[in-house]
Every structure is written in structure tokens, then in C-alpha cells.
Amino acid sequence: MRRTPLLAIVAALVLGGVLAQPAAQRADAAPATFVHPGVTVSQGQLDFARGKVNAGAQPWKGAFDQMMASKYADLNRTPKPRATVECGSYSNPNYGCTDEREDAIAAYTDALAWYITRDERYAQKAIALMDAWSATIKDHTNSNAPLQTGWAGSSWPKAAEIIKYTYTGSWPNSGRFATMLRNVYLPEIINGSNSNGNWELSMMEAALGISVFLEDKTSYDKAMAKFRTRTAAFVYLSSDGALPKTVPSQNLDTREKIVNYWQGQSTFVTGLTQETCRDLTHTGYGISAISHVAETSRIQGQDLYGTDVGERLQQALGFQAKYELGTAVPSWLCGGSMHLGLGPITEVGYNAMHNRLGHAMTNTQTLTERNRPAGSNNLFVAWETLTHGDNPS
């Protein structure tokens with residue numbers, strides 16, 4: 001039977017490799033060889049931060065002092081692992097949710113403290129925290145399990161990467177820790193979520209970081225594909241058309257459904273996010289995860305900042321920063337009222353898009369510099385003035 005012209009075009013694309021292009025050839029695919037340490041922060045960035053702190057330079061010395069004075073750097077910290085972490089909506093019930101997230105942040109904090117001070121007590125503390133959880137945890141349960149796993153799972157590999165690849169002492173249970181990430185964390189997050197966008201973005205941040213630590217190219221590619229789709233559906237650009245892009249599995253096939261999903265917002269402008277009219281705190285979670293994935297990808301040798309991911313990140317930061325700084329909310333936006341509280345999430349994206357790529361980001365710069373040193377949101381973001389503030393590496 002004679003092919004239709006459309007089928008002929010599709011066949012040509014497939015045979016020509018456009019649709020059948022192997023993952024290894026894509027700009028956002030897993031690298032042929034993984035770079036370590038390579039989750040959100042690189043060796044070069046760590047060296048830059050260490051040099052600035054040792055020289056007493058600001059804002060890095062102030063950021064370091066803030067970190068070292070925090071509860072997360074306490075060498076007397078006692079880990080509180082659980083076999084089952086149960087987290088309901090808004091962590092109610094909270095059976096190990098806060099303990100897990102904060103022990104993971106503490107492990108990352110101790111890893112940073114080790115690298116900058118070379119005090120082995122901090123490396124050993126990071127190891128003790130990671131070992132306690134890898135010896136105990138088996139599952140996450142209840143309605144917030146995917147998000148909880150994403151939050152904690154974002155911090156664990158950052159800590160593990162620094163310790164495994166920069167600490168010359170012994171970590172006998174590193175294999176058990178890797179097994180924990182593979183068997184307890186990755187299955188809970190790798191298939192994504194149809195909840196609000198910050199969920200899936202945080203989950204894919206964790207999945208990507210875990211994939212780097214495990215050197216799992218298949219999971220890396222799966223997480224990246226979901227991340228690209230969700231980022232495009234989370235931040236609106238005018239080039240998207242009259243309506244925002246959507247995640248196909250959500251079946252947002254009418255304007256009414258899309259407006260409802262976008263918190264009732266019916267006017268779409270560049271930089272608006274799916275959760276802007278919910279509040280800027282949850283919006284910040286999503287923006288932060290976008291910046292972390294883009295930064296990890298950059299360290300691994302790809303350039304998401306030069307794609308629509310970078311454009312969406314830049315525009316989302318600028319749009320949200322304007323209102324966080326006090327610009328009056330117009331009546332067409334969120335009904336004229338916005339819940340602020342973006343959080344300490346601007347350093348990574350600002351450094352990449354403004355300092356490295358030279359894009360003007362006046363509002364983001366003002367907000368970033370006003371909030372320095374950026375601390376922790378006690379969920380999955382920590383010490384980014386120290387690690388990424390004006391960091392050219």
C-alpha cells in the first residue's frame with residue numbers, strides 16, 4: 001500500500017536518526033564518563049570557596065561562619081534514622097520526616113566543612129550520619145512520601161560525592177549507602193509525579209544526583225527527560241503560545257483545566273510559574289530544583305543553561321524577585337495579592353545566568369545580594385552563597 005506523505009516524512013526522520021537519535025548523542029544525556037564530585041557543586045567550585053574562606057574574603061567567609069554556627073555543623077549531632085519514614089501532607093504525621101531531611105543536610109554541611117577546613121572530624125561525622133541511615137531505612141510511606149524522598153534524596157548524594165571523592169580516609173560502608181540510594185530512594189522518585197510542579201522537579205533533582213553517584217546512565221536519562229518536560233510546564237514563556245505547556249500524563253486538555261492547575265491564573269506572562277499564585281515559597285522550591293539540575297548537568301559536561309531551561313530559569317527568577325522585593329501586585333496577577341517568601345534559592349541560577357553568561361538580572365541581583373549569606377530552607381537547600389556565590393569555576 002502506498003505511504004501517505006506524512007508517514008513518509010516520519011519514516012525518513014526515523015531512518016535519518018532524528019527521532020531515533022541515541023541518548024548518548026543528545027545534549028542533555030548522561031555523560032560517557034561521570035565527573036566527581038559532580039552533584040550541584042564541583043571540585044573547582046569547592047576549591048574556589050575554600051580559597052576565599054581561607055583568605056577571609058566576603059561574602060564567602062561570612063557564609064562559612066554562618067554554616068559552621070548552624071545546628072547542622074554540630075559534631076555532637078546524634079542521627080535519628082528510622083526503618084520507615086512516614087510523612088503525610090505538610091509532614092502531618094511527621095514520623096522521621098524532619099529528622100531525615102535535617103540529617104541529610106547535616107551530612108552535606110559536614111562534607112563542606114571537611115573540604116574547607118580539612119578537619120577530619122567533619123568527614124567522619126558526615127560518614128556517621130550516612131551510615132546510620134543506610135543501616136536502617138527501608139521505606140517512605142504516606143501521601144508525602146515522594147516529595148520527602150526527593151528532598152532528602154537531594155542532599156544525600158551531594159554529601160556522598162564530596163566524601164567519596166575528596167576524603168582520603170576510610171568509608172567502609174559506602175557500598176551500603178549506594179544500595180540505600182538505589183533500592184530505597186530511586187524507585188520512589190524516578191517515575192515522577194502529577195502533583196504540583198515543585199514535587200516532580202525536586203524528585204528529578206534527587207534522581208539525577210543519585211544517578212550521578214551511582215553512575216547510572218539509564219536513570220540519569222529518564223530523570224532528565226522528565227525534568228525537561230516538567231520545567232517547560234512549570235515556567236511560562238511567551239513563545240509557548242496562548243497557554244502554558246503541559247505534562248501529557250496530566251491530561252490538561254482544556255483552558256479551564258490549565259487555569260485551574262495554575263492556581264486560577266488566566267493571564268500568562270513570561271516568568272510566571274505554575275505555583276506563583278499559590279505562594280512564592282513553593283515556587284522557590286521548583287526554581288531551586290531547576291537550577292540544581294542545570295548545575296549538575298553543567299558539571300557533567302552538558303549545557304542546559306544555553307537551552308530553554310536557562311531561559312525559563314532566568315525569567316522565573318526575575319519575575320518572582322520583582323515581587324519579593326516589594327513591587328505592587330497588579331490586579332490581573334493572583335487577584336492582586338501574592339504570598340511572598342521565595343527563600344534562599346537564587347544564588348545558583350543567578351551565578352550561572354548573570355555571572356557566567358552575562359544576562360542582565362537586576363531584580364535577581366538585588367534580591368540575591370540583599371539575602372546574603374543565603375542559609376538553608378531546612379528541606380533541601382543549604383549554603384549556596386558559600387558554594388555558588390559569584391563563583392566562576
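Computed from a prediction, not measured in an experiment: that's the story for all the values here.
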Sequence neighbours left out, what pairs pass ring-ring contact (aromatic ring centres under 6.0 Å, His included) with at least one residue falling in [range]?
range            : result
residues 92-130  : Trp114-Tyr167
residues 55-81   : Phe48-Trp60
residues 245-289 : Trp151-Tyr285, Tyr236-Phe268, Trp262-Phe268, His282-Tyr285
residues 297-342 : Phe319-Tyr323

Using a 3.5 Å distance criterion without hydrogens, assess whether the side chain of Thr385 forms a donor-acceptor pair with backbone atoms of Pro373.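 Checked: no pair found.
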Return the set of residues passing ring-ring contact (aromatic ring centres under 6.0 Å, His included) with [X] (not counting sequence neighbours), or none when no residue passes.
X      : result
His36  : Tyr165
Trp199 : none
Tyr220 : Phe34
His140 : Tyr185

Residue from Asn351, Thr364, Thr368 passing side chain to side chain donor-acceptor pair (under 3.5 Å) with Thr346: Thr368
In Ile345, Leu340, Thr273, the residue satisfying side chain to side chain contact (heavy atoms under 4.5 Å, CB included) with Leu280 is Leu340
Hey, which of Thr267, Val269, Leu272 is the one that makes side chain to side chain contact (heavy atoms under 4.5 Å, CB included) with Leu333? Leu272
What residues form a salt bridge (Lys or Arg N to Asp or Glu O under 4.0 Å) with Lys80, not counting sequence neighbours?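 Salt bridge (Lys or Arg N to Asp or Glu O under 4.0 Å) list for Lys80, sorted by chain: empty.
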Which pairs with one or both residues in residues 283-296 pass salt bridge (Lys or Arg N to Asp or Glu O under 4.0 Å), sequence neighbours excluded? Glu295-Arg298, Glu295-Arg356
Can we say [X] and [Y] salt-bridge, meaning some charged N sits less than 4.0 Å from an Asp/Glu carboxylate O?
X      : Y      : value
Lys217 : Asp221 : no
Arg228 : Asp308 : yes
Asp216 : Arg182 : yes
Asp240 : Arg312 : yes

Sequence neighbours excluded, the answer for side chain to side chain donor-acceptor pair (under 3.5 Å) partners of Asn144 is none
Return the CG to OG distance between Asn260 and Ser266, rounded to the nearest 0.5 Å.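 Spacing of CG (Asn260) from OG (Ser266) equals 12.0 Å.
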Dump the intermediate steps for side chain to side chain contact (heavy atoms under 4.5 Å, CB included) on Asn198 and Arg278, then the final yes or no. CA-CA 11 Å; Asn198 82 87; Arg278 179 187 185 185; 3.8 Å; yes
Going by atom types only, do [X] and [Y] share a side-chain donor-acceptor pair under 3.5 Å?
X      : Y      : value
Asn191 : Lys226 : no
Asp28  : Gln302 : no
Arg176 : Ser134 : yes
Asn378 : Glu102 : no
Ser291 : Ser288 : no
Gln263 : Thr276 : no

Summary of side chain to side chain donor-acceptor pair (under 3.5 Å) pairs that have at least one residue in residues 48-57, sequence neighbours excluded: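 As it turns out, there is no side chain to side chain donor-acceptor pair (under 3.5 Å) pair with a partner in residues 48-57 once direct neighbours are skipped.
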